[in-house]
Amino acid sequence: MKNIEWEKLSFAYSATNYNIRCYYKNGKWGELEVSSDENIPIHMAATCLHYGQEAFEGLKAFKGKDDKVRLFRWEENHKRMVNSANGIMMPEVPADIFFEACKRTILLNSEFMPPYGKGAAFYLRPLLIGTGAQVGVKAASEYLFMVFGIPVGPYFKEGFKPVDVQIVRDSDRAAPLGTGVYKVGGNYAASLVSGGKAHDNGFAAALYLDAKEKKYIDECGPANFFGIKNNTYVTPKSESILPSITNRCLMDIAKDSGMTVERRPVAVEELAEFEECGACGTAAVISPIKRIVDLQKDGTEYMFRPDGTAGPVCTDLYKKLTGIQLGDIKDKFNWNTIIE
Ligand code: PLP
Ligand code: COI
C-alpha cells in the first residue's frame, strides 16, 4: 500500500502505475494492452486534436469495510460513452472491453486504492479519441480507447459543505440541439471561461441556464442541479445537459425514501421556493449549495443555508448514496460490481 495521505487528497491528477489501452484499426478493436507510460504518441493531424473527436467518462471504485472493491454503475457509464461516441461519429467501445479495462486498471493499481473510511475513492477515467489523421472535417478511421485511474478526494474543496454558486448569463455551455448531452471535451472547453470567472468571483461553480431563453436552470459546473421543496426532489429536464448517473441514483433513493420526484424545466425564479439545493455528479458526489447569486442580472441572491451547514435532505441522500457505494448499506438497486 502506498504511503499516501488519503484524507488530504483533492480531486487532482497523480501518477499511478499502469493504464490500459485498446486500439481501433481497420474497422475493429484490438487486444487490451497494459502501459506504464503516461504519454500517448499521437499523429499531429489526429482528429481529436483538431476536430474534437474526444469523449470521456468518470466513474469510481470504493474499498469497503469488508475489503472488497466495488465499482459503481459501470454499465451506465459504458452506455453513456456509447452514446457520446455515436454523437460525434466515433466507434462504440464494446461493453466487455470497457469493463475489462476498468477492472484491470483497478487491479493493477491496487496500491492506490484508498482504504475504507478515508473519504477518498479510486476515480477511473475512460477516454476515447480519434487518432487517425484527417485534414478535411471528417471522422477518423483510427481510435484509441484507454482507461487510467487515480485516487481522489472531494471535487469541491469544501467537501460536503455548502458552496456558493454564480448564475452565468453571458455565455452558454451547450446549445439545445448541440452536444450538451454527450460527455465530449468541447462542452468543457466551452465552460472554461465562465467557470474561471465564477471562481475568480469567489464561487465554487457556475450555474448554466438554458441557452434558448435563459429562463430555466440547466446544470451546475461539472454536475447536475437539484432542488428540494415540500418533500419533493426537483431536477431540470433539458436537452442540453449531461444525463448524470448520480442524479438518477438520487432520484431512485429519494423515491425509495418516500419523496416525490419531478424531472421538468426549473425556472430560475423557482429557486426562491427551494428549501435546499445541491449539485450532484461522480466527482462532486453531492455538493450542497449555500447560496446562488444572479450577479449578471440584478444581483438577486437566493440563500439556502445561511448557517453554512448541509440541510437534512441533502445529508440523508448523501449518506444513503455513499453508504451503498462503500458497501455499508444494502445494495438493493444492484449498483455495485465487486472487482476481484
Ligand atoms: N454534468 C456534467 C457537465 C458533468 O461533467 C458530470 C460529470 O460526469 C455530471 C453532470 C454528473 O454526471 P455523473 O453523475 O454521471 O458523474
Ligand atoms: C465526473 O464527475 O466524473 C466528471 O467527469 C466531472 C469532471 C469533468 C471533473
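Order of appearance sets the numbers: ligands from 1, and atoms from 1 within every ligand. Remember, predicted model here, so these are calculated numbers, not experimental data.
With contacts defined as side-chain heavy-atom distances shorter than 4.5 Å, the pair Tyr216/Val266 does not qualify. Using a 4.5 Å heavy-atom threshold, the side chains of Phe72 and Cys249 count as touching. Looking at heavy atoms from C-beta onward, Asn17 lies out of side-chain contact with Leu108 at the 4.5 angstrom threshold. Contact check for Val152 versus Leu9: no side-chain heavy atoms found under the 4.5 Å cut-off. Residues Asn336 and Lys68 have side chains not in contact (no heavy-atom distance under 4.5 Å, counting atoms from C-beta outward). Residues Ser238 and Asp210 are not in side-chain contact: their nearest non-hydrogen atoms beyond the backbone lie 4.5 Å or more apart.
Each of Ser240, Ser171, Ser194 was scored for a side-chain hydrogen bond (donor to acceptor under 3.5 Å, both in side chains) with Tyr208, with one residue passing: Ser194.
Atom 2 (O) of ligand 2 has its closest protein heavy atom at Ala283 N, 2.8 Å. When hydrogens are left out, the protein atom nearest atom 1 (N) of ligand 1 is Glu219 OE1, 2.6 Å; that is the closest non-hydrogen contact. Atom 9 (C) of ligand 1 has its closest protein heavy atom at Pro222 O, 3.4 Å. Taking atom 16 (O) of ligand 1 as the reference point, the nearest protein heavy-atom neighbour is Thr282 OG1, 2.6 Å. Of the protein's heavy atoms, Pro222 CB, 3.8 Å lies nearest to atom 6 (C) of ligand 2.
Annotation: cation-pi geometry satisfied between Lys229 and Phe274 (NZ/CZ under 6.0 angstrom from ring centroid, within 45° of ring axis).
Side-chain atoms of Glu38 and Tyr13 form a donor-acceptor pair, as typed in the model, at a separation below 3.5 Å.
Note: no N/O pair closer than 3.5 Å links Tyr188 and ligand 2 by distance alone. The shortest N or O to N or O distance between Tyr155 and ligand 2 is not under 3.5 Å. Checked against a 3.5 angstrom limit, the closest N/O atoms of Ile245 and ligand 1 fall inside it. Distances between N or O atoms of Leu59 and those of ligand 2 include no value under 3.5 Å.
Taking 4.0 Å as the cut-off, Cys220 does not count as a neighbour of ligand 1 on heavy-atom distance. Put simply, no part of Glu76 is less than 4.0 Å from ligand 1, judged by heavy atoms. At a 4.0 Å cut-off, not a single heavy atom of Glu57 sits close enough to ligand 2 to count as contact. Heavy atoms of Lys183 come nearer than 4.0 angstrom to ligand 2 in at least one pair.
Ion pair Arg70/Asp331 not flagged as a salt bridge, since none of the NZ, NE, NH1 or NH2 atoms sits closer than 4.0 Å to an Asp/Glu carboxylate oxygen. Of the charged side-chain nitrogens involved, none lies within less than 4.0 Å of a carboxylate oxygen, so that Lys320 and Asp256 do not count as a salt-bridged pair. Remark: Arg104 engages Glu100 in a salt bridge, criterion side-chain N to carboxylate O under 4.0 Å.
Heavy atoms of Lys183 found under 4.0 angstrom from ligand 1 belong exclusively to the side chain. At a heavy-atom cutoff of 4.0 Å, ligand 2 is contacted by the side chain of Arg125 but not by its backbone. The backbone of Ala223, and not its side chain, has at least one atom closer than 4.0 Å to an atom of ligand 1 (non-hydrogen atoms only; backbone = N, CA, C, O). Using a 4.0 Å cut-off between heavy atoms, Arg173 contacts ligand 1 through its side chain alone, with no backbone atom that close.
When the options Ser244, Ala279, Cys249 are ranked by their closest heavy atom to atom 12 (O) of ligand 1, first place goes to Ser244. Remark: among candidates Phe56, Tyr123, Phe11, the nearest residue to atom 1 (C) of ligand 2 is Tyr123, based on non-hydrogen atoms.
Residue Asn224 has at least one heavy-atom neighbour below 4.0 Å for each of these atoms of ligand 1: 1 (N), 10 (C). Heavy-atom contacts of Tyr188 reach the following atoms of ligand 1: 2 (C), 3 (C), 4 (C), 5 (O) (cutoff under 4.0 Å). Annotation for ligand 1: atoms under 4.0 Å from non-hydrogen atoms of Arg80 are 8 (O), 12 (O), 13 (P), 15 (O). In summary, the atoms of ligand 1 found under 4.0 Å from a heavy atom of Gly221, numbered by their order in the structure, are 3 (C).
Shown here for Gly58 and Pro126, the closest heavy-atom pair between the two residues is N-CD, 4.3 Å.
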* Begin with the C-alpha distance, continue with both residues' side-chain angles, and end with the deciding distance and a verdict on side chain to side chain donor-acceptor pair (under 3.5 Å) for Glu33 and Tyr23. => CA-CA 9 Å; Glu33 297 172 19; Tyr23 292 91; 5.0 Å; no
